[in-house]
Amino acid sequence: MGEKQLISTLKYMSAIKPAFFLSEIIPYLDDPMPLFKVFSIITPQLPGLGLMAKKTGEDFEIVKILPAKPYLLTPEEYSRQKEYFTERALPAALAHSIEKYITKKVGKDWNDPVIIERLRRAIVAQKDDYWKPAHKRSLKYIKGYSVLGYLAYHFPVYFMQTGHLLMMLARDGLLKKNMTILDVGTGPGVVPLAIADFYSRLDGAEATIYSIERSEEHIEAFTYLRDAIVPGVGRVSIKSPVKSDIRSMDFTILPDKIDLVIFSNSLNELPETTLDVRADIVARISERLAPDGTILITEPADEQNATRMRSLTIALQKKGLFIYSPCSFIWGSTCTAPRCWSFEMAPAIRLTQLMETLAHCNDSYRYVNTDIKYSYAILRRDGIRKEKFRVPGRSKFLRLSKLHLHVGKRINVAGLKMSGELGDARSHVFKLCDGTAKTPVFAVLPSYHITQRNDLILSAPYGSILELRNVLVRYNMEHDAYNLLVSRNTRVSPANKEGRNS
Ligand SMILES: C[S@@+](CC[C@H](N)C(=O)[O-])C[C@H]1O[C@@H](n2cnc3c(N)ncnc32)[C@H](O)[C@@H]1O
């Protein structure tokens, strides 16, 4: 009762006053308590209420968080970024530095057939390891070749993927003019280098990037590439990584008021940890965030890693973080993300010279990695959400959790498009979610049913909220999922954003 009353008093005070002292709320409490106790109870709740505390003498002043002005890209900056993404190529200087680093490490030309064969073996070993059961994965990056294989095979795709994610943050107004960024599990500096590259096409934005990495070999590659590519003085400063293990490190050594924390493909490398331990690591790092800071988690798109990441975001909500995107709970329900396999896609990258050389062999497909598919989530402490749409009160839409009662019938639904193409040219399939279903739901559009009234399902971007009118409900026993048949009689339209916003 004490805590509940305290929080509602805090909400009340903040609604009527732009700033007040914490001591002012004590007389309103049925069970008055010392100021320090009040402070310790409210501290974790403050960002979620859009408030922050400033120590003032013996008291604390409570003020509203005023989010920093977003760094919005100018038309020129947009067109530079667009041109870069159209190229789909790793920047030439970076590709060249990776080759030079391999040459330096192995003491022979990177394209010497013996070295190329060793790189091939390292790539295959790494992929085999990836697909092992969690407790059998090695993931140590102790040997030089494991990092060289990473540079050849994974680096280009993850680098370009980071660019797409940064573009999304920019579009959403989540970048600031001057940012402190932390990259957790940075490997050879994929994310910091991608940020430096992205910022090189901006005119005025600045960033200081910190990172954490436990592998010495990765840190060596990181340092080499950073020094080769990023000017020592410039608008982006990349600090040397903190060599540490995130399972045991003291996060208070990190800067406070971090604007953006990125976990890129790193949380799946804690396979022995439970969901709760991983959530705890993210939550503890999030304590270093600025009140209007952002957390970006991205993981590979395969079913196991993507579904685990989604469950992690749900666990993080219980630890005081809020999902900003891509999920949107349009019925105001609490989602448990059961079997939620959702991922975003971007155009495939061009082969690097190194990848092309590796692929000069019989089973070339093993050494080519160009597809960009990733699962991501953005979380914040201040509770802002990308989409504020809520299904209007008396609407004629059926919750996806009620589909089992309507198998064989035609219905209307509203939901987010939560995947890229999962089908093929003959039958298009997309994951749909409205935050209520416990069983996966897919919209299925056979190509011969495509019309101008329903083709929005094909072109709408990932995360769009759509209304589907007149879809036929089918149960797919083999996959324990519901398919909503989009036929030529179905109308697909953007969600009515005039609907109730909250
Ligand atoms: C797959 S790599 C991802 C590298 C980079 N972030 C990217 O997206 O390409 C995962 C990285 O996390 C690091 N890592 C794994 N477990 C870690 C831990 N417990 N503490 C610190 N770093 C860790 C690994 O050493 C590795 O460099």
Side-chain angles (χ1 to χ4, degrees), residues 90 94 98 122-123 125-127 129-132 134-135 137-166 181-198 209-226 238 240-251 253-254 260-274 277-282 284-285 295-302 304-306 308-309 312 346 349 369 372-376:
L90 195 65
L94 184 54
I98 290 175
I123 290 167
Q126 214 159 67
K127 287 204 279 187
D129 188 49
Y130 184 85
W131 295 111
K132 279 182 189 162
H135 64 282
R137 289 175 72 189
S138 125
L139 302 164
K140 291 282 193 298
Y141 303 106
I142 294 170
K143 294 195 184 122
Y145 266 94
S146 60
V147 169
L148 301 184
Y150 196 87
L151 289 172
Y153 186 81
H154 288 104
F155 187 110
V157 160
Y158 289 154
F159 179 93
M160 304 290 283
Q161 177 177 307
T162 307
H164 287 286
L165 287 162
L166 290 169
I181 302 176
L182 172 70
D183 180 34
V184 184
T186 192
V190 175
V191 168
L193 294 167
I195 295 173
D197 179 65
F198 186 85
I209 309 168
Y210 297 83
S211 58
I212 306 170
E213 174 53 52
R214 69 171 171 183
S215 147
E216 197 65 64
E217 283 289 337
H218 266 312
I219 292 178
E220 189 186 332
F222 177 118
T223 310
Y224 179 93
L225 295 174
R226 176 195 63 179
I238 303 184
S240 295
V242 175
K243 183 176 182 313
S244 199
D245 188 319
I246 54 170
R247 290 168 301 181
S248 52
M249 84 175 267
D250 170 14
F251 297 122
I253 64 163
L254 298 171
L260 174 63
V261 178
I262 300 182
F263 297 83
S264 170
N265 306 302
S266 48
L267 290 167
N268 76 79
E269 294 215 349
L270 308 172
E272 74 296 352
T273 55
T274 59
V277 169
R278 286 194 295 280
D280 198 51
I281 291 172
V282 178
R284 282 192 295 126
I285 294 182
I295 296 182
L296 167 63
I297 303 176
T298 178
E299 289 285 354
D302 64 89
Q304 178 169 309
N305 283 309
R308 276 193 184 173
M309 197 232 36
L312 174 72
I349 67 163
N369 184 23
I372 304 188
K373 286 186 184 177
Y374 54 97
S375 186
Y376 78 87

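Each ligand, and each atom within it, is numbered from 1 in the order the structure gives. Model, not experiment: these values are computed from the prediction.
Listed for the T298 side chain is a donor-acceptor partner under 3.5 Å among the backbone atoms of S375. Looking at Q126, its side chain does come within 3.5 Å of a backbone N or O of S146 through a donor-acceptor pair. One N or O on the side chain of R226 and one on the backbone of I238 form a donor-acceptor pair closer than 3.5 Å.
Distances below 4.0 Å separate heavy atoms of G187 from the following atoms of ligand 1: 4 (C), 27 (O). Which parts of ligand 1 touch V190 is read off a 4.0 Å heavy-atom cut-off, strictly below it: atoms 7 (C), 9 (O). Residue contact check: R247 has heavy atoms under 4.0 Å from atoms 19 (N) of ligand 1. Within ligand 1, the atoms closer than 4.0 Å to a non-hydrogen atom of S244 are 20 (N), 21 (C), numbered from 1 in the order shown.
Residue Y158 has no nitrogen or oxygen atom sitting less than 3.5 Å from a nitrogen or oxygen atom of ligand 1, judged on distance alone. Considering backbone and side-chain N/O of V184, none are found under 3.5 Å from N/O of ligand 1. Taking only nitrogen or oxygen atoms, main chain and side chain alike, D183 does not reach within less than 3.5 Å of ligand 1. For the pair S266 and ligand 1, the shortest N or O to N or O distance does not fall below 3.5 Å. Residue I246 places at least one N or O, backbone or side chain, under 3.5 Å from an N or O of ligand 1.
Here atom 6 (N) of ligand 1 lies nearest to G185 when heavy atoms of P241, G185, S248 are compared. The option with the heavy atom closest to atom 3 (C) of ligand 1, from among F263, Y150, F222, F159, is Y150. Of the listed options E213, H218, R214, E213 places a heavy atom closest to atom 25 (O) of ligand 1.
Ligand 1 lies out of reach of V191, whose nearest heavy atom is not under 4.0 Å from it. Heavy atoms of F155 stay at 4.0 angstrom or farther from ligand 1. The shortest separation from a heavy atom of P188 to ligand 1 is not under 4.0 Å, leaving the residue out of contact.
You'll find the side chain of Y158 reaches within 4.5 Å of the side chain of P300, heavy atoms only. Looking at heavy atoms from C-beta onward, R214 lies in side-chain contact with R247 at the 4.5 angstrom threshold.
Exactly one residue among L90, N369, I372 makes a side-chain contact (heavy atoms from CB on, under 4.5 Å) with I349. That residue is I372.
Listed by first and then second residue, the salt bridge (charged side-chain N to carboxylate O under 4.0 Å, His left out) pairs that reach into residues 181-197 are D197-R201, sequence neighbours excluded.
Two rings, from H218 and Y150, have their centers less than 6.0 Å apart.
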- request: Under the side chain to side chain donor-acceptor pair (under 3.5 Å) rule, what do N305 and E299 come out as? Steps first, then yes or no, please.
  value: CA-CA 6 Å; N305 283 309; E299 289 285 354; 5.6 Å; no

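With a heavy-atom cut-off of 4.0 Å, L270 touches ligand 1 through its side chain alone.
Take D302 and apply the salt bridge (Lys or Arg N to Asp or Glu O under 4.0 Å) test, not counting sequence neighbours, and it matches no residue.
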